[in-house]
Amino acid sequence: MPKKAIKFPTDPKTGKKSRTTPNPLPGLETAAAAQGCSGRPPRHLPPEKHIPALQNALLDWFAVHQRALPWRNSYTPYEVWISEVMLQQTQMERGVRYFIRWMERFPDIAALAAAHEEDVLRMWEGLGYYSRARHILAAARKIMAEHNGIFPRDPAAIRALPGVGPYTAGAIASIAFEKKLPCVDANVERVVSRIFDVDSPVKQEPAAGVIHQWALRLVPEGKARAHNQAMMELGALVCRKKPCCASCPLGAFCISHHLGIEDQRPVPGKRATVTPVNAVTGVLRRGEKIFVQKRPASGVWGNLWEFPGGRVEEGESPEQAVVREFMEETGFTVNVAARHGIIRHGYTTYRLTLHCFGLDLAAPGKDCTPETCPAPPVLTAATQYRWASPQELEDLAMPAAHRKLADSLFSQPGQTAGASTMPRQGRLTDGTDTD
DNA sequence: TAAACGTGGAC
DNA sequence: TGTCCAAGTTT
């Protein structure tokens, strides 16, 4: 006897044909108005009676397949918090490495709150999105000042901490304190949008609200910690961009899988266009010491140290650009003394080609030392400057591209013209392929 | 709402 | 080589 069939309606937006398919979930019905959230409700609603089965299947899977992660030992609020922020837009393996090192350096909230921002940023160097590190420090100090040094349990208080948005607040509240709240990250968006066949861009309304409502509804009472982690773990290990439906514990509950369209979920948003940027930077050495400056707190690479530089303007050579930029940012008149090569750096929205130069002071005081230099810089793009020794340079937080350049300076001792050398394998190109 | 905010890995 | 993207938040 054939299984009862369920009719899926034509999507008014995509005009996708309605289709008849064996009913995967007896009782699964079109329920346009059943979801009380704002925005367009989901078209399909599993009946209440299926939710416990889904939850149990997920929890059983998680119990077996969860990865061993350093913050999954004791689930202290501090560890949960730091791990959640570190993992934002960051791959798991890197996040774990940084987390372990961080906890050795800042073992608790009090130690973190007492730290200098420079040291916090140095621990964060290479992770990117440095406002996360500055926000973490500010939040630690707020917890000391306003919460007696105890991480707050109240979701509203958690959400009020700097750098804690809706996702992170839900994650901390549920994972550290077992609060019945969802945490919707890209993993959960993927899982929910596939199970419930959300057919509009997941980052925008109405899909975002629909997904949030579903994510909340799926959280089992008293098991928010395991459930929310399981949702994310499933998204990370099974329900990936290319899903492994054969090994998915929720296959029996997944509408888009039964429709055979799981590869069309989630619906992506707009793409950002990548802009090529030609830039220069210059290393000004006076004996052992090297000139670096600290960027403003706002904007890209906030409060990190860098070598001065900037964009190459239209019709300008990189050599001309670095001389001009150095004058504009420091007041120093410089000459190009060496080519240090090219660093290519990929971004979300930029593709940076950074031309690196060794510089000499042109005038005045060409033979002054860092201590006696008569003309201090006039900073226009920075808040501080420093003539740093190699060891001091090592201790400053720098953007990844500038760190590569800094490292290259000391791996080729005695070199002044770097055009023919390769400092560390693959880190700098020799510039002969310049555009 | 959209743009800014980093970086390195995967394909 | 180019594109996408990995446990998002702020402005």
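What you see below is based on every heavy atom in this structure, not just the backbone, and it leaves out hydrogens, waters and symmetry mates. Letters A, B, ... mirror the listed sequences (proteins, then strands); counts begin at 1.
If you check the side chains of A:Y167 and A:Q88, you find no donor sitting under 3.5 Å from an acceptor.
The shortest distance between the side-chain N/O atoms of A:H345 and the OP1/OP2 oxygens of B:dG6 is not below 4.0 Å. Taking only side-chain nitrogens and oxygens, A:R190 comes nearer than 4.0 Å to OP1 or OP2 of C:dA7. For B:dT7, one of the phosphate oxygens OP1 or OP2 lies less than 4.0 angstrom from a side-chain nitrogen or oxygen of A:W301. At the phosphate of B:dA4, neither OP1 nor OP2 sits under 4.0 Å from any side-chain N or O atom of A:T349. Residue A:Q91 places none of its side-chain N or O atoms closer than 4.0 Å to OP1 or OP2 of B:dG9. Between A:R271 and C:dC4, a side-chain N or O to OP1/OP2 separation shorter than 4.0 Å is present. The shortest distance between the side-chain N/O atoms of A:K270 and the OP1/OP2 oxygens of B:dA2 is below 4.0 Å.
Atom-to-atom, CH2 of A:W81 to P of C:dG8 comes out at 18 Å; the value is rounded to the nearest Å. Between A:R94 atom CZ and C:dA6 atom P the separation is 15 Å, expressed in whole Å. Per the geometry, OH belonging to A:Y350 stands 19 Å off P belonging to C:dG2, to the nearest Å. What separates CE of A:M86 from C1' of B:dG6 is a distance of 15 Å, to the nearest Å. Separating the CZ atom of A:R159 from the P atom of C:dT9 is a distance of 7 Å, rounded to the nearest angstrom. A straight line from NZ of A:K203 to P of B:dT1 spans 14 Å, rounded to a whole angstrom. Protein atom OH of A:Y129 is 8 Å distant from nucleotide atom C1' of B:dA4, rounded to whole Å. Rounding to whole angstrom units, CE of residue A:M231 and P of C:dA7 are separated by 13 Å.
Side-chain atoms of A:Y167 lie closest to C:dT9 of the nucleotides C:dT9, B:dG8, C:dA6. Considering only the side chain of A:Y130, B:dT7 comes nearest among C:dT9, B:dT7, C:dC4. Closest contact between the side chain of A:T90 and the listed nucleotides C:dA7, B:dG6, C:dT9 involves B:dG6. For A:Q88, counting side-chain heavy atoms from C-beta on, the closest listed nucleotide (B:dC5, C:dA6, C:dG8) is C:dG8.
Under the 6.0 Å cut-off for aromatic ring centres, A:W102 and A:Y98 do not qualify, their centroids lying 6.0 Å or more apart. Aromatic pair A:Y130/A:W301: ring centres not closer than 6.0 Å.
Annotation: of the two residues near DNA chain C, A:G235 and A:P162, the 5′-most nearest-nucleotide partner is A:G235. Position along DNA chain B of the nearest nucleotide to A:Q204 versus A:L127 favours A:Q204 as the more 5'-ward residue. Each of A:R97 and A:Q89 was matched to the nucleotide of DNA chain B holding its nearest heavy atom; the match closer to the 5' end belongs to A:Q89. Comparing A:H135 and A:E233 by the nucleotide of DNA chain C whose heavy atom lies nearest to each, the residue mapping closer to the 5' end is A:E233.
To the nearest whole angstrom, the two C1' atoms, one in C:dA7 and one in B:dA3, are 22 Å apart. Comparing C:dT11 with B:dG6, their P atoms are spaced 13 Å from each other, to the whole Å. The P atoms of C:dA6 and B:dC5 are separated by 22 Å, rounded to the nearest whole Å.
Residue-level contact check: A:I175 touches neither bases nor backbone, having no heavy atom under 4.0 Å from any strand. At the heavy-atom level, A:R67 lies under 4.0 Å from base atoms of the strands shown. Counting non-hydrogen atoms under 4.0 angstrom, A:R240 reaches nothing in the nucleic acid. Across all strands, A:A186 comes closer than 4.0 Å only to sugar-phosphate atoms, never to a base (heavy-atom distances). Residue-level contact check: A:V274 touches neither bases nor backbone, having no heavy atom under 4.0 Å from any strand. Within the nucleic acid shown, A:G302 has no heavy atom closer than 4.0 Å to any nucleic acid atom. Base contact: A:M92 has a heavy atom under 4.0 Å from a base atom. Looking at heavy-atom distances under 4.0 Å, A:R72 makes contact with a base. Note on A:S83: nothing from the nucleic acid sits closer than 4.0 angstrom, heavy atoms only.
By the 30° and 60° cut-offs, the orientation of the rings of A:W387 relative to A:F291 is perpendicular.
With hydrogens and angles ignored, the 3.5 Å screen pairs no side-chain donor or acceptor of A:D119 with any backbone N or O of A:A115. No side-chain donor-acceptor contact under 3.5 Å links A:R194 to the backbone of A:I261.
Considering only heavy atoms from C-beta on, A:F307 stays 4.5 Å or farther from A:Q293 through its side chain. When side chains are defined from C-beta on, A:L69 counts as touching A:M92, because their heavy atoms get closer than 4.5 Å.
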